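Here the structure is laid out as structure tokens; the discussion comes afterwards.
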Amino acid sequence: MAQQQTGSRKRKAPAVEAGAGSSSSQGLAAADGEGPLLPKKQKRPATRRRLVHYLKGREVGARGPAGLQGFEGELRGYAVQRLPELLTERQLDLGTLNKVFASQWLNARQVVCGTKCNTLFVVDVQSGHITRIPLMRDKEAGLAQAQQGCGIHAIELNPSKTLLATGGENPNSLAIYQLPTLDPLCLGDRHGHKDWIFAVAWLSDTVAVSGSRDGTVALWRMDPDMFNGSIAWHSEVGLPVYAHIRPRDVEAIPRASTNPSNRKVRALAFSGKNQELGAVSLDGYFHLWKARSTLSRLLSIRLPYCRENVCLTYCDELSLYAVGSQSHVSFLDPRQRQQNIRPLCSREGGTGVRSLSFYQHIITVGTGHGSLLFYDIRAQKFLEERASSSLDSMPGPAGRKLKLACGRGWLNQDDVWVNYFGGMEEFPNALYTHCYNWPEMKLFVAGGPLPSGLHGNYAGLWS
């Protein structure tokens, strides 16, 4: 068992992993054409400010006007733009776990993750300690045994960070845990999905939506009595017992004339401002629902890039969705007929956009080739390397696209690796998931080898 390093050699391989397409809870999506025209970026004042000035302001409790206006808003925007070039990697040892598909920060030092080998665990990014979380089982046993090879593709926290939604032991079921204890609360295994859950989005603190490979989205409502202590869920031997729930509404993805059999839901993103839910399906369409007590479909739009649309995110500030595909990120404002933001090309050898997140005007792209890219939506270009590394100056760009290359991770040198890949000494990791801890200025990134037959993992803390 040895580590394998990122490289550029190409060989024909078996199928690649679709991955989780996960992202931070804020982000964008893609559409026909290009995207809405945004206001031009204002020129920065001549005064030079260091990132530490902004951090010091946070530390002593400085507060700017609402909406981050004025000087603090300007400093924060500056910090967001300068942070990527300051990040350095510290790899985390995940043992022999196979491919991290989903992740979310629980607090300042703990990240919860889900893997292809159907393991839910919490990693302490300071000590490296890993705690495995027991998965919830369906009422009817045996269904999960026939679902090997899927894993946990989605992990999402509700707005108040009191509940966590993910997959169960049966990947067709929606599992809800209480936070911060991670005690099991309820399992959506009754009259729900008939295939793997690929995506989850919270509409409120007690309402979640799941998207499945069976071509449906399901709306689930959690009873507040479950987590307000009025129901005691423990067995005679003290083990936690959880409720088994059914969805309040199930909506099918409409069949497309171009690819009617491939309606698999790959990603979801919710607009709290508009109370609308966006979804991406593998037949190359973006769908939008009005999300109330039920889901009411508003539109379906053919995407400009239709291969491997596996991640979606939304930004409330810009009212934009973004969709990641095999080699592009496309942008969509459903309220604009004419889309004026051109799609960006990742140019990473066709390995695909595997994870997306959006914060203010910067979108972070995790690729299938082990690299992180950063795109400024206002300037409509990638962030570039700086000619000088000094934070006291404002150096001009060096002209090279800023790219953070992730480390080797761990790869199982088994028969598949030997027979199909000739024992390649260098192999890139697909970055299936990443999530920011902005108060601590940290970025957690994880994934594993792209070909579905290879077994391995990567996790790193960038700070």
Side-chain angles (χ1 to χ4, degrees), residues 1-22 88-103 111 113-125 127-132 135 145 147-153 167 171 196 308 310 326 346 348-355 366-372 403-434 444-462:
M1 312 281 183
Q3 294 178 334
Q4 301 304 316
Q5 189 169 359
T6 302
S8 59
R9 292 174 56 193
K10 297 181 180 178
R11 293 199 182 203
K12 187 175 181 181
V16 297
E17 295 290 354
S22 68
T88 57
E89 178 195 42
R90 178 169 63 86
Q91 289 196 61
L92 301 171
D93 183 4
L94 300 184
T96 61
L97 292 172
N98 190 22
K99 298 179 186 176
V100 181
F101 281 161
S103 64
V111 179
C113 303
T115 71
K116 182 182 179 180
C117 54
N118 222 35
T119 300
L120 183 67
F121 68 93
V122 174
V123 58
D124 186 314
V125 297
S127 68
H129 180 72
I130 291 176
T131 303
R132 299 197 180 205
L135 298 179
Q145 303 302 320
Q147 302 287 338
Q148 297 298 321
C150 170
I152 296 171
H153 284 262
W196 307 343
E308 298 186 37
V310 296
Q326 188 179 56
S346 70
E348 290 294 295
T351 54
V353 175
R354 298 293 157 177
S355 56
T367 74
H369 206 72
S371 60
L372 291 165
K403 180 189 296 187
L404 301 184
C406 294
R408 297 179 178 184
W410 170 78
L411 180 66
N412 186 10
Q413 297 181 0
D414 55 11
D415 290 342
V416 174
W417 174 72
V418 172
N419 296 331
Y420 287 92
F421 299 93
M424 288 175 62
E425 291 301 322
E426 298 180 354
F427 213 95
N429 286 299
L431 306 182
Y432 294 118
T433 179
H434 68 264
F444 178 83
V445 186
L450 188 62
S452 60
L454 289 181
H455 183 120
N457 67 65
Y458 162 80
L461 179 68
W462 292 78

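Note that the structure is a prediction, hence the values are computed from the model and not measured. Along the sequence shown, residues are numbered consecutively beginning with 1.
In summary, of the residues considered (Thr119, Leu431, Thr433, Ile152), a side chain to side chain contact (heavy atoms under 4.5 Å, CB included) with Val100 occurs for Thr433 alone.
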Determine, step by step, whether Arg354 and His434 satisfy the side-chain contact (heavy atoms from CB on, under 4.5 Å) criterion, reporting the C-alpha distance in whole Å, the side-chain angles of both residues, the deciding distance to 0.1 Å, and the verdict.
CA-CA 10 Å; Arg354 298 293 157 177; His434 68 264; over 6 Å; no
Show the numbers, then the answer: is there a side-chain contact (heavy atoms from CB on, under 4.5 Å) between Val123 and Val111?
CA-CA 5 Å; Val123 58; Val111 179; 4.1 Å; yes
Please test Asn412 against Trp417 for side-chain contact (heavy atoms from CB on, under 4.5 Å), starting from the C-alpha separation and ending with a verdict.
CA-CA 8 Å; Asn412 186 10; Trp417 174 72; over 6 Å; no
Walk me through whether Tyr458 and Leu411 qualify under side-chain contact (heavy atoms from CB on, under 4.5 Å).
CA-CA 9 Å; Tyr458 162 80; Leu411 180 66; over 6 Å; no
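Side-chain N or O atoms of Gln91 include one that pairs as donor or acceptor with a backbone N or O of Gly409 at under 3.5 Å. Panel note: side chain Lys116, backbone Gly456; no donor-acceptor pair is recorded below 3.5 Å. Remark: the backbone N or O of Gly352 is not paired with any side-chain donor or acceptor of Glu308 at under 3.5 angstrom. Judged by distance alone, with hydrogens and angles left aside, the side-chain atoms of Asn457 form a donor-acceptor pair with the main-chain N or O of Leu97 at under 3.5 Å. In this structure, the side chain of Asn429 engages the main chain of Arg408 through a donor-acceptor pair within 3.5 Å.
Here the shortest heavy-atom pairing between Ser103 and Cys113 reads CB-SG, 4.0 Å. In terms of heavy-atom proximity, Tyr432 sits nearest to Ser355 at O-CB, 3.5 Å. The minimum heavy-atom distance between Phe101 and Cys150, with the atom names listed, is CE1-O, 3.7 Å.
Under the 30°/60° scheme for interplanar angles, the aromatic rings of Trp410 and His455 are found to stand perpendicular.
Taking the salt bridge (charged side-chain N to carboxylate O under 4.0 Å, His left out) definition, one finds that Asp124 meets it with Arg109, sequence neighbours left out.
Using a 4.5 Å heavy-atom threshold, the side chains of Leu135 and Leu120 count as touching.
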